[in-house]
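What follows is a short report on a single structure.
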Amino acid sequence: MKSVMPDVKEILAAFNVGGELKSVSEISSGHINDTYKAVVENGEGKECSYLIQRLNTGVFTKPVELMNNVTGVTAHLRKAVEKNGGDPKRECLNVYKAANGNPYYIDSQGGFWRCFDFIDGAHSEQKVTSADTFRKSAEAFGKFQRLLSDYPIDSLAETIPNFHNTVSRFADFKKAVDDNKSGRAGTCGEEIAFALAREKDCAVFVDLLNKGELPLRVTHNDTKLNNVMLDDVTGEGICVVDLDTVMPGLSLYDFGDSIRFGASTADEDEKDLDKVHFSLEYYEAYAEGYLSECGEALTAEEIECLPYSGKLMTLECGMRFLGDYLNGDVYFKTDYPEHNLVRARTQFKLVAEMEENMQSIRRVTEEVCKKLGIEK
Ligand code: GN1
Ligand code: MG
C-alpha cells in the first residue's frame with residue numbers, strides 16, 4: 001500500500017518550522033507509520049532536515065498518551081545526556097511543539113503528525129552486515145535501558161496493552177486461524193502448525209512475570225537494528241529512535257527482539273529461505289554489547305532467560321505476521337499479497353534454528369558474562 005504524499009508545507013508551518021522547502025523523501029522502512037524527511041533552507045541559507053511522521057492511529061489508538069510517553073522519555077534522556085557531557089542534539093530526539101504547545105498536529109485530513117529534528121551525520125541500517133555494527137547497536141540499546149532505569153514506570157501509559165504478552169499474542173493468532181477471514185488458511189497449513197505446536201513456549205516469560213520472578217522495566221519494545229542511528233564516521237550507535245512503543249515491559253523483550261531482527265543472515269522478508277540462518281556470531285556480538293552497558297543492572301533470572309528471549313520474540317513476530325496474513329493484511333504494510341507470509345516464514349526458520357542451537361546460545365551467553373565479569 002502506497003501512502004499519499006502529505007502537504008509537508010502545512011505540517012512544517014504547524015510546527016513553526018520556517019524557510020524554503022527544498023526536498024521531501026519518504027522513509028519506507030517502518031511497517032506502521034508514514035515517515036518523511038524534509039529538507040528546508042532557513043533564512044541564513046543553511047539546510048536543516050526534519051523528520052515528520054503521520055502516526056497510524058488505527059494501530060496507536062491513544063496517540064496523545066503515546067506522545068506524552070515520548071516527550072517524557074526524551075526529556076529524561078536529554079538530562080542524562082547533558083549530565084554525561086554528551087550532545088543532546090544528536091544523542092536524543094528533539095520533539096517539536098505546535099503553536100498550541102502540543103507535541104503533535106492534526107492536519108485538515110485528520111492525520112496525526114509529529115515532527116523531530118533529523119539527526120545529521122548519522123544513518124540507520126536495514127540489515128546486520130558486520131558483528132561490530134550489531135555490537136554497537138547493542139551498546140545503544142543497553143545504554144537506553146540503563147539511562148531509563150530510574151524513569152518513573154507508573155507515569156508511562158500502556159499505549160498498546162499486552163504488546164509483547166506472548167500468551168495473548170498466541171490467542172490472537174489462534175483466533176486468526178479459526179476466523180480465517182482471508183480464506184488463506186489452506187495455503188499455509190505447515191506454518192500454522194509450526195506456531196500452534198509452540199503454545200506452551202508462549203507462557204514461559206508471562207508465568208515468570210506473574211510469579212514476580214522477572215521485573216517490569218521501562219522498555220523500548222521495538223529494538224530493531226534500524227531503530228538506532230549510527231554515526232557516519234565512527235559507526236557508534238548514538239541515538240535510539242522510534243519511541244512509540246516505550247512502555248513497561250521485560251528487558252527480555254528488548255534483547256529478544258534485537259536478536260530476532262539482527263542475528264539473522266537475511267532480511268526479515270527474504271523469499272529464499274536457504275539464505276535465512278540464525279547467526280551465533282551476531283548473537284554473541286549483541287550479547288556482549290548489550291550486557292557491557294546494562295548487564296550489571298539485570299537480575300540473575302533475566303540473564304538466565306536471555307538465550308530463550310530471541311526465540312520467543314521471533315516466534316511472536318512470526319505469529320503476528322502470519323495472523324495478519326490470515327486476517328487479510330490489515331495491520332502491517334505490505335508490498336505484495338504474500339508479503340506477510342514470506343515474513344512469517346523467515347521468522348519460523350529462525351525459530352527452528354535457534355531451537356537447534358539453544359545449547360550453544362546458552363554457552364555463548366555464559367562466556368560473555370564471564371568475559372565481562374558479570375557474576376550473578
Ligand atoms: C512494526 O513499523 P515498525 O517497523 O517500527 C511493529 C513491531 C514489529 C515490526 C516487525 C507498533 O515496527 O512490533 O516487531 O514491525 N510495530 C508495531 O518488523 O506493531
Ligand atoms: Mg516501531
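Counting convention: from 1, in listed order, for ligands and their atoms alike. Every heavy atom of this structure was used, including side-chain atoms; hydrogens, water molecules and symmetry mates were not.
Taking atom 5 (O) of ligand 1 as the reference point, the nearest protein heavy-atom neighbour is D222 OD2, 2.8 Å.
Using a 4.0 angstrom heavy-atom cutoff, R260 counts as in contact with ligand 1.
If you check the side chains of H220 and D242, you find no donor sitting under 3.5 Å from an acceptor. Of the N and O atoms on the side chains of N221 and T219, at least one donor lies less than 3.5 Å from an acceptor on the other residue. D329 and H339 share no donor-acceptor pair across their side chains, judged by distance under 3.5 Å alone. Remark: the T71 side chain and the T74 side chain contain no N/O donor-acceptor pair separated by less than 3.5 Å.
For R320, a nitrogen or oxygen atom sits less than 3.5 Å from a nitrogen or oxygen atom of ligand 1, counting backbone and side chain alike. Residue H31 places at least one N or O, backbone or side chain, under 3.5 Å from an N or O of ligand 1. Looking at K224 next to ligand 1, an N or O pair under 3.5 Å apart turns up. In terms of polar-atom proximity, defined here as any N/O pair under 3.5 Å, N221 makes no such contact with ligand 1. Ligand 1 has no N or O atom lying under 3.5 Å from any N or O atom of S29, backbone or side chain.
For the pair R198 and F194, the cation-pi criterion (under 6.0 Å, within 45° of the ring axis) is fulfilled. F321 carries R343 over the face of its six-membered ring, with the cationic atom under 6.0 Å from the centre and within 45° of the normal. F112 does not carry K62 over the face of its six-membered ring by the limits of under 6.0 Å from the centre and within 45° of the normal.
Taking every non-hydrogen atom of E268 and a distance limit under 4.0 Å, the qualifying atoms of ligand 1 come out as 10 (C), 18 (O). The I32 neighbourhood of ligand 1 comprises atoms 1 (C), 2 (O), 16 (N), 17 (C), 19 (O), with distances under 4.0 Å to a heavy atom of that residue. Of all atoms in ligand 1, listed by their number and element, those nearer than 4.0 Å to a heavy atom of D242 are 5 (O). For ligand 1, the atoms sitting less than 4.0 Å from at least one non-hydrogen atom of F321 are 10 (C), numbered in the order shown with element in parentheses. The contact set between ligand 1 and Y331, taken as ligand atoms under 4.0 Å from a residue heavy atom, comprises 11 (C), 17 (C), 19 (O).
Taking 4.5 Å as the limit, some side-chain heavy atom of I374 sits within range of a side-chain heavy atom of E296.
Sorted by chain and number, the protein atoms of type N, O or S within less than 2.8 Å of the Mg ion (ligand 2) are D222 OD2, D242 OD2.
With F134 as the fixed residue, the ring-ring contact (aromatic ring centres under 6.0 Å, His included) test singles out one of F261, Y286, Y283: Y286.
Within a 6.0 Å radius of NZ in K143, other residues, nucleotides and ligands contribute 12 heavy atoms or fewer.
With Y253, F261, F60 as candidates, the residue nearest to atom 11 (C) of ligand 1 on a non-hydrogen basis is F60.
V73 and V81 fall into different hydrophobic clusters, where Ile, Leu, Val, Met, Phe, Trp and Tyr are joined by side-chain heavy atoms under 4.5 Å apart, directly or via other members.
Closest of all the heavy-atom pairs between V276 and E353 is O-OE2, 3.9 Å.
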